[in-house]
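Numbering of ligands and ligand atoms starts at 1, following listing order.
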Amino acid sequence: MSQYLIPTYARQPLAFVRGEGVWLYDEAGHKYMDAISGIGVCNLGHCHPAVTRTLADQAGQLMHTSNLYRIPSQEALAQRLCEVSGMQSVFFSNSGAEANEAAIKIARLFGQRKGVSRPTVVVMEGSFHGRTMATLSATANAKVQEGFAPLLEGFVRVPFNDLDAVRALGDNANVVAVLVEPVQGEGGINVPASDYLPGLRALCDQHDWLLMLDEIQSGNGRTGDYFACVGDKVTPDVLTTAKGLGNGFPIGACLVAGKADGVFGPGNHGSTYGGNPLGCATALTVVNTLTDDVVAGVAEKGAWLKHAFTDAFADLPMIKEIRQRGLMLGIQLDRPCAELVNRAREAGLLINVTAGSVVRLLPPLVINQTEMQHLVETLSQVIHDFANEQEVA
Ligand SMILES: Cc1ncc(COP(=O)(O)O)c(C=O)c1O
């Protein structure tokens with residue numbers, strides 16, 4: 001590990017030099033299946049040829065001009081994102097946390113303009129929204145917040161997937177918005193009841209609150225619709241996304257509609273790099289490739305994997321539950337299982353363990369049937385070996 005890097009990450013002891021589709025190759029030429037897609041980023045797989053081509057062409061033509069001028073590819077990407085989401089306009093950022101920063105600022109401005117002097121955003125237990133001061137304050141993870149007091153005020157936290165808890169805030173005059181992930185990712189692939197988002201939409205309408213959906217992980221085809229809210233037939237007031245939007249190029253977006261459209265005006269927000277020609281041309285190819293060829297197959301692939309894992313683990317009481325929507329899968333164990341990451345890697349499989357005891361899988365959406373079979377067989381072997389050793393111990 002390099003002494004020249006600030007050690008904010010507990011890195012695994014390997015480096016990759018090449019990627020293609022669902023596969024990564026390390027310095028020694030070993031091949032690994034990437035079942036976490038660079039944490040939900042490479043939805044089209046590594047080095048998708050259409051994305052690489054656009055990126056290279058655009059880099060040779062024009063990378064950056066700044067938002068002092070019109071940027072045609074930014075306008076085209078905004079239009080395409082609005083078409084696939086039902087939203088009305090877009091602010092571009094460079095990451096997920098920054099997209100959520102924009103959302104939180106919109107909520108505050110929306111509140112201030114209607115005379116709420118201490119605007120408050122409802123956030124959820126189990127949530128993850130990023131690592132900047134505002135987004136870590138919105139995040140429900142003591143480890144993420146530890147040592148960074150004073151946190152930003154203006155958040156109130158309730159249990160996830162609990163409409164009554166949100167309803168109970170109806171007489172809190174400071175509440176101006178609800179910020180929620182349609183499926184919690186870092187929190188352990190928590191899939192709410194099908195009436196949860198529609199129920200939140202109704203409560204937000206009733207109380208004149210903004211419904212703000214963090215689709216940074218669940219967006220860009222991951223759940224089987226371009227955005228999870230499209231599948232739930234809910235149009236939020238604010239929708240944030242990043243990760244899969246650039247398939248590896250850093251770009252984020254904060255989309256608005258309804259009550260949130262028109263809240264930001266000139267001077268309210270900005271970003272030097274946000275929406276630059278290189279990122280927008282690349283992301284436009286990503287969105288078009290996802291919608292043309294890929295998203296339609298995601299629900300079926302996810303259902304197949306859930307079924308196959310359910311069969312593979314039928315004999316293991318250690319497996320408590322398999323949660324899934326599209327190609328977001330969480331295998332809930334009854335005990336801490338962080339060591340599965342190393343064990344899987346030694347078997348040539350890259351996975352992630354989140355919330356201590358959940359194996360999180362976010363494979364590239366382009367994964368094919370043979371590769372899915374390989375994923376199930378490899379992970380099944382790894383978890384069975386783990387279970388056998390635990391029994392002996
Ligand atoms: C739901 C959600 N929101 C926000 C973020 C933060 O995104 P970024 O790391 O690009 O700032 C993440 C990243 O994991 C996420 O999963």
Chemist: Please state which protein non-hydrogen atom is closest to atom 16 (O) of ligand 1 and give its distance, to 0.1 Å?
Modeler: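 The closest heavy atom on the protein side is Gln217 NE2, 2.8 Å.
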
Chemist: Under 4.0 Å, heavy-atom basis, I'd like to know which part of Ala97 is in contact with ligand 1: side chain, backbone, both or neither.
Modeler: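 Looking at Ala97 and ligand 1, atoms from backbone and side chain both fall under 4.0 Å.
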
Chemist: Considering only non-hydrogen protein atoms, determine which one is nearest to atom 3 (N) of ligand 1 and report residue, atom name and distance to 0.1 Å.
Modeler: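 That would be Asp214 OD2, 2.7 Å.
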
Chemist: Less than 4.0 Å between a side-chain N and a carboxylate O, is that true for Arg70 and Glu75?
Modeler: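 Looking at Glu75 and Arg70, the cut-off is met.
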
Chemist: Under 4.0 Å from ligand 1, counting heavy atoms only, is it the side chain of Glu98, its backbone, both or neither?
Modeler: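 Near ligand 1, Glu98 shows nothing, with every heavy atom at 4.0 Å or more.
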
Chemist: What protein heavy atom sits nearest atom 7 (O) of ligand 1, and how far off is it?
Modeler: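 Sorting protein heavy atoms by distance from atom 7 (O) of ligand 1 puts Gly96 CA, 3.4 Å first.
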
Chemist: Within a radius of less than 6.0 Å around CZ of Arg335, do more than 12 heavy atoms belonging to other residues, nucleotides or ligands occur?
Modeler: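 Enclosed.
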
Chemist: Within the 4.0 Å heavy-atom shell around Glu186, which atoms of ligand 1 are there?
Modeler: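 In order of number, 14 (O).
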
Chemist: Provide the number and element of each atom of ligand 1 under 4.0 Å from a heavy atom of Glu181.
Modeler: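 That gives atoms 1 (C) of ligand 1.
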
Chemist: Taking Glu339 first and then Arg343, would you say they form a salt bridge - that is, a charged N and a carboxylate O separated by under 4.0 Å?
Modeler: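 Arg343 and Glu339: salt-bridged.
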
Chemist: Does the pair Arg201/Asp232 count as a salt bridge with the N-to-O cut at 4.0 Å?
Modeler: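 No salt bridge links Arg201 with Asp232.
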
Chemist: Please could you name the atoms of ligand 1 that Asn100 approaches to less than 4.0 Å, counting only its heavy atoms?
Modeler: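 Answer, ordered by atom number: 3 (N), 4 (C).
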
Chemist: Ion pair present between Glu83 and Arg80, side-chain N to carboxylate O less than 4.0 angstrom?
Modeler: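 Here Glu83 pairs with Arg80 in a salt bridge, since their nearest N and O are under 4.0 Å apart.
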
Chemist: Could you pull out the closest heavy-atom pair between Val121 and Ala107, with the gap in Å?
Modeler: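 For Val121 and Ala107, the tightest heavy-atom pair comes out as CG2-CB, 3.9 Å.
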
Chemist: Please confirm whether Gly130 comes within less than 3.5 Å of ligand 1 when only nitrogen or oxygen atoms on both sides are compared.
Modeler: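 Min N/O separation from ligand 1 is not below 3.5 Å for Gly130.
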
Chemist: What's the separation between atom CG in Asn352 and atom CZ in Arg360, rounded to the nearest 0.5 Å?
Modeler: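 Answer for the CG-CZ pair, Asn352 versus Arg360, is 4.0 Å.
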
Chemist: Atom 9 (O) of ligand 1: protein heavy atom closer than 4.0 Å?
Modeler: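 Given the 4.0 Å cut-off, atom 9 (O) of ligand 1 does not count as touching protein heavy atoms.
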
